[in-house]
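Here's the structure we're looking at; comments come further down.
Everything quoted here is computed from the prediction, not taken from an experiment. In what follows, chains are A, B, ... by sequence order, proteins preceding strands, each numbered from 1.
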Number of protein chains: 2
Amino acid sequence: MFKFGYIYIGFFSGMEEHRCENCIVRKFNALRAMSKEELKAVSDAKITKSLKKGDPLFEEGEKLNGVFCVRAGVSKLSKLSSNGKDQIVKLATKGEVIGQRSVVAEETSNLSAKAVSDMEVCFIPKEAIVSTLHKNPDFTFEVLRHMAHDLREADDVIVNMSQKTVKQRIAEALLYLKTNFGEDSEGFLALVLSREDIANVVGTATESCIRILSEFRSKGYIETSGKRMAITDERKLRDLAEGF
Amino acid sequence: MFKFGYIYIGFFSGMEEHRCENCIVRKFNALRAMSKEELKAVSDAKITKSLKKGDPLFEEGEKLNGVFCVRAGVSKLSKLSSNGKDQIVKLATKGEVIGQRSVVAEETSNLSAKAVSDMEVCFIPKEAIVSTLHKNPDFTFEVLRHMAHDLREADDVIVNMSQKTVKQRIAEALLYLKTNFGEDSEGFLALVLSREDIANVVGTATESCIRILSEFRSKGYIETSGKRMAITDERKLRDLAEGF
DNA sequence: GGCAAAAGATGACATCTGTCAACTTTCAGA
DNA sequence: TCTGAAAGTTGACAGATGTCATCTTTTGCC
């Protein structure tokens with residue numbers, strides 16, 4: 001059904017909107033530093049995919065033959081620890097490119113990626129990326145800048161994980177969800193995560209996560225409706241996260 | 001005295017060994033991708049510094065005007081958490097370049113750096129680096145590759161921090177010290193860290209760290225002599241770290 | 001060699017957090 | 001609409017960990 005709609009629109013609009021050059025999300029990532037010709041090559045080689053919530057993009061240890069540019073939806077990047085738990089290392093959203101690290105380092109992926117909401121992604125074969133990396137210093141520098149940013153974020157996560165209590169980390173995670181993914185018209189967090197996913201973001205047991213969220217609810221910091229959650233006292237959560 | 005020896009040798013040997021081109025540690029980092037001319041510019045601009053154990057290279061929040069290439073010794077890169085504890089994020093040793101991330105991202109440093117042993121470093125003003133980053137894609141790519149590697153390591157640290165117990169992390173830290181810095185002729189770990197530093201690496205309280213090290217000693221996994229430490233049962237430590 | 005400061009060590013105790021088990025609610029598919 | 005599976009919730013409890021206080025050892029320095 002969707003396939004049909006896709007072809008239909010493409011047919012009558014000349015498919016202009018499916019070319020990277022016209023893609024808005026490109027503005028947010030390193031692809032903006034590509035020349036017209038390079039972008040054309042990427043556009044010709046790319047494959048657009050639709051993913052349903054829960055679908056995997058790739059698994060840990062898999063060899064990636066390219067990168068994924070997120071057009072819509074959110075993906076969780078996680079790593080299995082030796083005790084069998086999944087640690088979510090990053091949530092990637094519109095405009096972010098997934099898999100760059102592995103392609104650049106020519107290693108198998110250290111993470112697995114899975115859709116946490118319905119997604120639309122473009123798969124870009126690595127040849128289109130790697131050749132540009134060796135020829136266009138502006139592009140390479142742009143990728144470098146993004147990776148420098150990711151590395152700083154990773155450093156911050158390390159400090160939070162090792163120095164803050166579970167309660168502080170959960171408070172922080174909720175604020176993160178609000179600032180990065182926003183709220184819907186009713187004030188609920190736009191990105192709905194299961195309690196298990198939240199627990200895996202902050203690195204705790206699902207039960208502990210549930211217990212702390214219940215506490216937050218009883219204290220009036222948040223409200224819930226089904227799996228949807230709304231922040232009702234941002235101030236308090238922020239104080240908590242900072243350790244007051 | 002050391003200063004004197006330095007000048008003396010330099011004088012009679014034509015100072016060849018103080019030019020980046022002839023520096024061995026360069027082989028281990030991105031500088032190996034520089035052209036002769038670029039390397040010459042770096043060599044002319046660089047400033048060699050000797051640091052005593054405990055001396056700071058730079059502080060968190062400081063604007064870095066260049067990077068530091070480690071010729072000898074070890075530096076700890078740490079970040080102060082909101083609860084007042086220092087979290088060591090990385091130990092940088094011979095051949096590693098410190099401060100790249102901040103220079104690339106044009107941000108103040110997110111970390112502070114301090115010598116944990118006597119060090120010799122070369123300070124390279126950022127101009128010499130940045131201009132090359134924009135002109136030589138091989139160099140940029142090489143920096144990118146190193147940063148991709150750092151990012152993977154950071155991901156691993158995140159998982160370890162959030163999923164392993166303090167005991168597991170300490171066991172892992174000891175093995176890390178052995179594989180990365182080696183042992184002296186008597187079998188003691190070559191890099192001597194205080195209990196507090198070890199605690200800050202694994203993200204725990206100094207007392208907890210001491211307690212666990214005492215336990216390891218009583219169980220025969222390690223031996224100590226003053227602040228020096230030797231691993232006597234690597235197998236057991238490895239099993240412990242992996243969760244058996 | 002002696003002394004003060006720093007580092008290391010240990011006990012006591014409260015609290016945080018994970019685990020196991022039971023139960024309820026929600027949700028998607030037949 | 002029904003129903004089984006998945007998700008969410010809660011209690012009980014043990015073990016891990018942080019904190020505070022005190023004491024000992026080591027180290028650097030005069």
Side-chain angles (χ1 to χ4, degrees), chain A residues 52-55 81-87 114 116-118 160-171 173 188-189 192-219 222-229 240-241 243, chain B residues 52-55 81-87 114 116-118 160-174 188-189 192-219 222-229 240-241 243:
Chain A
K52 305 281 279 184
K53 178 176 174 172
D55 287 348
S81 74
S82 53
N83 70 25
K85 281 194 185 159
D86 229 27
Q87 174 65 37
K114 196 175 250 190
V116 289
S117 64
D118 291 349
N160 283 338
M161 284 297 177
S162 49
Q163 304 282 4
K164 294 193 172 179
T165 65
V166 173
K167 200 176 288 188
Q168 288 178 300
R169 282 180 271 156
I170 290 182
F188 289 105
L189 292 174
V192 175
L193 290 181
S194 69
R195 305 300 155 108
E196 190 181 2
D197 276 342
I198 297 176
N200 290 345
V201 166
V202 304
T204 189
T206 307
E207 295 95 322
S208 298
C209 176
I210 287 172
R211 238 181 280 273
I212 288 170
L213 287 177
S214 296
E215 186 192 327
F216 285 176
R217 186 177 347 108
S218 75
K219 286 188 176 169
I222 63 173
E223 275 172 17
T224 58
S225 165
K227 22 189 356 156
R228 296 189 305 165
M229 227 164 13
L240 219 170
Chain B
K52 305 281 279 182
K53 177 175 175 174
D55 288 347
S81 75
S82 53
N83 71 25
K85 282 195 186 157
D86 228 28
Q87 174 65 37
K114 196 175 251 192
V116 289
S117 64
D118 291 350
N160 283 338
M161 284 297 178
S162 49
Q163 304 282 3
K164 294 194 172 178
T165 65
V166 172
K167 201 177 289 188
Q168 289 178 299
R169 282 180 271 156
I170 290 182
E172 201 154 53
L174 295 176
F188 289 105
L189 292 174
V192 174
L193 290 180
S194 68
R195 307 300 156 109
E196 189 180 2
D197 277 342
I198 297 176
N200 290 346
V201 166
V202 304
T204 189
T206 308
E207 296 95 323
S208 299
C209 177
I210 288 173
R211 239 182 277 273
I212 288 170
L213 287 176
S214 296
E215 185 192 328
F216 285 176
R217 185 175 351 104
S218 74
K219 286 187 175 169
I222 63 173
E223 273 170 19
T224 58
S225 166
K227 21 190 355 157
R228 296 189 306 164
M229 229 166 7
L240 218 170

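At a non-hydrogen distance threshold of 4.0 Å, A:Thr165, A:Val166 from residues 160-169 of chain A come into contact with DNA chain C. At a non-hydrogen distance threshold of 4.0 Å, A:Glu207, A:Ile210, A:Arg211, A:Ser214 from residues 203-214 of chain A come into contact with DNA chain D.
At whole-Å resolution of the value, CD1 in B:Ile222 and C1' in C:dG8 are 13 Å apart.
Extent of DNA chain D lying under 4.0 Å from chain A heavy atoms, first and last nucleotide in 5' to 3' order, is D:dA7 to D:dA12.
Residues forming a side-chain contact (heavy atoms from CB on, under 4.5 Å) with A:Glu196 (at least two apart in sequence, or on another chain): A:Ser194, A:Asn200, A:Thr206. Residues passing the salt bridge (Lys or Arg N to Asp or Glu O under 4.0 Å) test with B:Lys85, sequence neighbours excluded: none. Taking the side-chain contact (heavy atoms from CB on, under 4.5 Å) definition, one finds that B:Val192 meets it with B:Lys227, B:Arg228, sequence neighbours left out. Under the rule for a salt bridge (Lys or Arg N to Asp or Glu O under 4.0 Å), B:Lys114 has no partner lying at least two apart in sequence or in another chain. Partners of A:Glu207 under the salt bridge (Lys or Arg N to Asp or Glu O under 4.0 Å) rule, at least two apart in sequence or in another chain, do not exist in this structure. A search for salt bridge (Lys or Arg N to Asp or Glu O under 4.0 Å) contacts involving A:Asp86 returns nothing, not counting sequence neighbours.
For B:Gln163 (side chain) and B:Asn160 (main-chain N/O), no donor-acceptor pair under 3.5 Å exists by modelled atom type. Counting only distance, with no hydrogens or angles, the side chain of A:Asp118 and the backbone of A:Lys52 share no donor-acceptor pair below 3.5 Å. When atom types are taken as modelled, the side chain of B:Gln87 and the backbone of A:Ser162 share no donor-acceptor pair closer than 3.5 angstrom.
Annotation: side chain of A:Met161 is in contact with side chain of A:Arg169 (closest heavy-atom distance under 4.5 Å). Side-chain contact check for B:Cys209 versus B:Val202: every heavy-atom pair is 4.5 Å or farther apart. Under the 4.5 Å side-chain criterion, counting only non-hydrogen atoms from C-beta, B:Lys164 is in contact with B:Glu172.
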Only pairs under 3.5 Å count here: list side-chain donor-acceptor contacts from residues 210-218 of chain A, not counting sequence neighbours, and write none if there are none.
{"from": "A:Ser214", "atom 1": "OG", "to": "A:Ile210", "atom 2": "O", "distance (Å)": "3.0"}
{"from": "A:Glu215", "atom 1": "OE1", "to": "A:Lys167", "atom 2": "NZ", "distance (Å)": "3.2"}
{"from": "A:Glu215", "atom 1": "OE2", "to": "A:Lys167", "atom 2": "NZ", "distance (Å)": "3.1"}
{"from": "A:Glu215", "atom 1": "OE2", "to": "A:Lys219", "atom 2": "NZ", "distance (Å)": "2.9"}
{"from": "A:Arg217", "atom 1": "NE", "to": "A:Thr224", "atom 2": "OG1", "distance (Å)": "3.2"}
{"from": "A:Ser218", "atom 1": "OG", "to": "A:Glu215", "atom 2": "O", "distance (Å)": "2.9"}

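B:Ala241 approaches B:Gln168 most closely through the heavy-atom pair O-NE2, 3.6 Å. Looking at every heavy atom in both residues, A:Gly226 comes nearest to A:Arg195 through O-NH2, 4.0 Å.
Fit an axis to the five pairs at each end of the helix from C:dG1-D:dC30 to C:dA30-D:dT1 and the two axes sit 50° apart, to the nearest 10 degrees.
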remark   = Contact string for nucleotides 24-30 of chain C, one letter per nucleotide 5' to 3', B = base within protein heavy-atom range under 4.0 Å, S = sugar-phosphate only, - = neither, reads -------
